[in-house]
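First comes the structure, then the notes that go with it.
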Amino acid sequence: MLEKEYYPQQIEKKWFDIWEKTKPYKVDDNSPKPKYYALSMFPYPSGKLHMGHVRNYTITDVVARFKKAQGFNVLHPMGWDSFGLPAENAAIQHGADPETWTLDNIAYMKKQLKMLGLSVDWDREVTTCLPDYYKWTQWLFVQLFKKGLAYKKTAPVNWCEKCHTVLANEQVIDGKCWRCDSEVTKKNLSQWFLKITDYSEELLKDLDLLTGWGDNVKTMQSNWIGKSNGAILKFKVKEIEGLEIPVFTTRPDTAYGITYLVVAPEYKDIEKLTTPENKEKVEEYRENAKKLSEIERLSTERIKTGVPLGTHIINPFTGRVCPIWVADYALVDYGTGAVMAVPYHDDRDFDFARKYNLPMVQVITGENFKEGECFTDKQGTLVNSGKFDGMQADKARDAITKFAEENGFGSFKTQYRLRDWLISRQRYWGAPIPVVYCPKCGTVPVNEKDLPVMLPKDVDFSVQGKSPIETSPTFKETTCPICGEKATRETDTMDTFVCSSWYYMRYSDAKNSEKCFDKDLVNKWLPVDQYIGGIEHAILHLLYSRFFTKALRDCGLLSFDEPFKNLLTQGMVLKDGSKMSKSKGNTVDPDDIYRNYGADTARLFILSDSPPARDFDWTDAGVEGCYKFICRVYRLYSKYQNQIKKDYEFDFSSLSKKDSDLVRQTHIAIKKITNDIENEFQFNTVISRYREFTNSIYDYTKDENSINYDVLSFALLTLLKLISPVCVFMSEEIYSSLGFSDSIHDLPWCSYDNDLAKTANITLIVQVNGKIKDKLEVESDLSNEELEELAKKAPKTSEFIMDKTIVKTIVVPNKLVNIVVK
RNA sequence: GCCGAUGUGGCGAAAUUGGUAGACGCACCAGACUCAAAAUCUGGCGUGGCUCACCCCACGUGCCGGUUCGACUCCGGCCAUCGGCACCA
């Protein structure tokens, strides 16, 4: 029996307990049904769920439930991105063990997720900080190492003093640390990298395959990869026999206009290129450049500075002798670290040449050209360029490069902005990089049988200035996997983004203790059919995962090219117009919502109002409204629970108008809701349809005496199934109380009859010259001639057309008639 | 500077293919029920005008222009907001 009023707390608790025991969402790898893989970006176990999580996981859950009802074998897993700095900071500040801190948080958040009613197969749970997972992260690192895709080099890297570790380029946002927002500096260190640049072209090109991704994310990735086509031109140094300076340029067509050359302060040959009389000034300049922060150095506002080295290059095109300068507007890690300067046709060179009185030569002319002003148009005609004079600039780019190639001082070159992925971190709470340094054998990966390299427990978190892992008396000393002699372990751990680059593969075979995953299983379940998460991972996680997929494919571990077929980046959850955050004090605790309204209300509300990709404004009134709606739905079933027939039966053709209208409304509801879900998961309109349909049923029951209970049963049982992916607890409670012994969540999705999924009558719009003059209630599916006749006879139209000539009449079936008169 | 997205009532928004702009909800207003309140139910709710009690007219989807019988939707040009990239040669 259903209570008269809805009590979410009791009902949700009841089904929570039942589902804990019955595990209704266990996935069968061998099901003959077609597979569907629905995936949420897994959370970092920070302590408690926030509303962003609730939104993310509710969307994915409704997708998973909908696909399951449509007959798919759905994989909907969940796990924990559980390595990372917050756990370590908790250890430093409160003396907690990072593992205990993390696992406690996981336990709490897992309960919160279960209370949200997610249809997750918890037997596939993945926790990246546990040895049964990071063993395989390490194993994969070894595979990449063997394949030459993991390597160690000394390079100027991003350093965050506050986090006391290096960072990948992707983790530096506007010169600041992505996590703590403090300024990043450059340090020259020996670090581990993954060779993502080997895949620059494929990562860029395959964006075209990702038709299920938004353009915003694809553009961001494409910008980040930053491909430019151009040329390498090589210049002989006049004063030093045999020394050449290569430069990368996208404008070889301007090569005749070169008047000087710039090298970065960190340029490798800079000392050779400096003459004794300039040495002091150059040294001073380089020292100053080193002191500048990244933000200062990269600011476009800054006035350019530089000093001459005293040496020169010879422009092979013109024979002109050009001075070499050092200036920090040349970047050491892009292109070759040296730039050819063409002041007349490049803004930066122009500013610099003006300031230091360097000569300028015009080599391109065009429509907007003005004497004495920098002319940067890429279209134009060459002048002062020898045999290339009169050539169009775009043609000249190829011709001049070709000329340089034939004469041995240049070649075509494609340059990418993407850098290799720096993965070492000088922190404790991560997967140890499984490498040993042997004085005899060099850098050696740990034997696979010795994995995992366990994180040591005997560490002191209070140390400053080095990684806590270094304090372990037992970790560092080991023996060489090859020669067995004394050797030392690598003490750096891996960037957590390495762990999260393959977790979605592990779900396909989460408990395998022999392999990272079975090849058949990973190929069966992947790629992910629908991936859902925040836009903040547009570059970081999504780019790294794409790289991992391609790299593991080339290691022979799997056979697909892209991990995520469709991507939905959900908007943020706002309150009072700004992002929920502790510092602003505008957060909403899911536990409070569960307690006061129940998880179904939270699910319903977070899906309503805004489409998933847009930001969502959380309001207390909105929650209240959704709760009232749930109660309103519940009351319908509570009131008619004794009249609802499990085996309803009716003959449509003999129904009264009122009854057949409700049957039509039911079919319309199924059609629209199904379409809205399939059309980019427009859950906000799905929920509008729930309300519309519920209102129709209320209208129907207004006159108690004329209710046909077969028709009402059809409508109510349909509504119950339609709403079940969203209101998972209430729908199951009602369904079971009506005496059904199975679960509403196991029922197939509702089907509709297209002929019945429309109203019996339509409103015919009558226009004269495109302006609405009348609206007529007419039967649907009349012929064009009949509609035209009706429109012309309508009293309101006839007065408009009386004394005019009808030029033409446009009829849109079932919609409108437009009479054009003169 | 380059690239991407967005722009519709007081607010969140809706509108397969060009065809009733504002569905559905929030807020608000009025009525019913009640001693009263909450809850619930019913109705109203873009702007302006009128010879106005519910009839009618004009205007209205960021701005300007175009295509069309007809434009939130298509085309051209702007503006604003948000996001990404950027001394990248």
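Letters go in sequence order (proteins before strands), and every chain restarts at 1.
Put simply, the side chain of A/K370 does not reach to within 4.5 Å of the side chain of A/F375, judged on heavy atoms.
Contacts between residues 603-612 of chain A and RNA chain B, counted as heavy-atom distances below 4.0 Å, involve A/D609, A/S610, A/P611.
Residue A/T685 places its side chain closer to B/A15 than to any other of B/C85, B/C69, B/A15. Each of B/G70, B/C41, B/U17 was ranked by its minimum atom distance to the side chain of A/R632; first place goes to B/C41. Picking from B/A86, B/A23, B/A89 the nucleotide with the shortest atom distance to the side chain of A/R348 gives B/A89. In the set B/G19, B/G84, B/U16, B/U16 carries the atom at the smallest distance from any side-chain atom of A/K671.
Atom CG of A/L543 and atom CD1 of A/I196 lie 4.5 Å apart (nearest 0.5 Å).
Computed from coordinates, the A/L331 CG to B/C85 P distance equals 16 Å when rounded to whole Å. A/R689 places its CZ atom 13 Å from the C1' atom of B/G25, with the value rounded to the nearest Å. Put simply, OH on A/Y329 is 9 Å from C1' on B/A89, counting in whole angstrom units. In this structure, the OH atom of A/Y334 is 9 Å from the P atom of B/C88, given to the nearest Å. Atom-to-atom, CG of A/N814 to P of B/G19 comes out at 15 Å; the value is rounded to the nearest Å. Nucleotide B/A39 holds its C1' atom 9 Å from the CD atom of A/E5, rounded to whole Å. Between the C1' atom of B/G70 and the CD1 atom of A/I810 lies a distance of 7 Å, rounded to the nearest Å. Here the C1' atom of nucleotide B/A27 and the CG atom of A/D620 are 14 Å apart, to the nearest Å.
Between B/A89 and A/S228, a contact under 4.0 Å exists linking OP1 or OP2 to a side-chain N or O. Dashed line: the shortest gap from a side-chain N or O of A/Q682 to OP1 or OP2 of B/A23 is not under 4.0 Å. Within the structure, a side-chain polar atom (N or O) of A/N684 is placed less than 4.0 Å from OP1 or OP2 of B/A14.
One C1' atom belongs to B/U67, the other to B/G18, and the distance between them is 12 Å to the nearest Å. The same atom, C1', is picked in B/C78 and in B/A13; the two are 27 Å apart, to the nearest Å. Straight-line distance between the C1' atoms of B/G7 and B/U61: roughly 9 Å, to the nearest whole Å. If you take atom C1' in B/G77 and the same atom in B/U20, they sit 31 Å apart, rounded to whole Å. With both ends at atom C1', the span from B/C63 to B/A80 equals 10 Å, rounded to whole Å. Only the C1' atoms considered, B/G25 is 23 Å distant from B/A32, to the nearest whole Å. Going from the P atom of B/U6 to that of B/A15 covers 14 Å, rounded to whole Å. On the C1' atoms, B/G10 is 28 Å away from B/G83, given to the nearest whole Å.
For RNA chain B, runs of at least 3 consecutive pairs of the Watson-Crick or G-U wobble type, with both hydrogen-bonding distances under 3.5 angstrom, map to B:1-7 with B:79-85, B:10-12 with B:24-26, B:28-32 with B:40-44, B:46-49 with B:56-59, B:62-66 with B:74-78.
Nucleic acid contact class of A/I772 (heavy atoms, under 4.0 Å, all strands): sugar-phosphate only. Counting any heavy atom pair closer than 4.0 Å across all strands shown, A/E680 reaches no nucleic acid atom. At a threshold of 4.0 angstrom between heavy atoms, the contacts of A/R614 are confined to the sugar-phosphate backbone, with no base atom among them. Across all strands shown, A/R691 has heavy atoms under 4.0 Å from sugar-phosphate atoms exclusively, and none from any base. If you check every strand for non-hydrogen atoms under 4.0 Å, A/A330 touches a base. Using a 4.0 Å heavy-atom cutoff across all strands shown, A/N695 reaches sugar-phosphate atoms only and no base atom. Residue contacts shown for A/T219 are limited to sugar-phosphate atoms, with no base heavy atom under 4.0 Å away. As judged by a 4.0 angstrom heavy-atom cut-off over every strand, A/Q415 is placed among residues making no nucleic acid contact. Using a 4.0 Å heavy-atom distance criterion, A/K771 is classed as a sugar-phosphate-only contact.
The side-chain contact (heavy atoms from CB on, under 4.5 Å) with A/T254 is formed by just one residue from the set A/I400, A/I364, A/D349, A/T376; it is A/I364.
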Exercise for review: Let me see the working for A/E201 and A/K227 under salt bridge (charged side-chain N to carboxylate O under 4.0 Å, His left out), right down to the final yes or no.
Suggested key: CA-CA 8 Å; A/E201 184 58 33; A/K227 177 178 180 173; 3.0 Å; yes
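Between the side chain of A/K808 and the base of B/C69 there is no donor-acceptor pair of N/O atoms closer than 3.5 Å.
No side-chain donor-acceptor contact under 3.5 Å links A/N684 and A/S608. Side-chain polar atoms of A/Y285 and A/T305 form a donor-acceptor pair below 3.5 angstrom. In this model, no donor atom of one side chain and acceptor atom of the other lie less than 3.5 Å apart for A/E3 and A/Y634.
In this structure, A/N315 contributes its side chain and A/A255 its backbone to a donor-acceptor pair below 3.5 Å. For the pair A/D420 (side chain) and A/T197 (backbone), a donor-acceptor distance under 3.5 Å is present.
In this structure, A/F605 has its ring center closer than 6.0 angstrom to the ring center of A/F616. Annotation: A/W325 is in aromatic contact with A/F352 [ring centroid separation under 6.0 Å].
Between A/N769 and A/T305, the residue anchored closer to the 5' end of RNA chain B is A/N769, taking for each the nucleotide with the nearest heavy atom.
A/F317 and A/Y256 have tilted rings, their planes meeting at an angle from 30° to 60° on a 0 to 90° scale.
A glycosidic torsion no more than 90° from 0 defines the syn conformation; B/G60 lies beyond that range and is anti.
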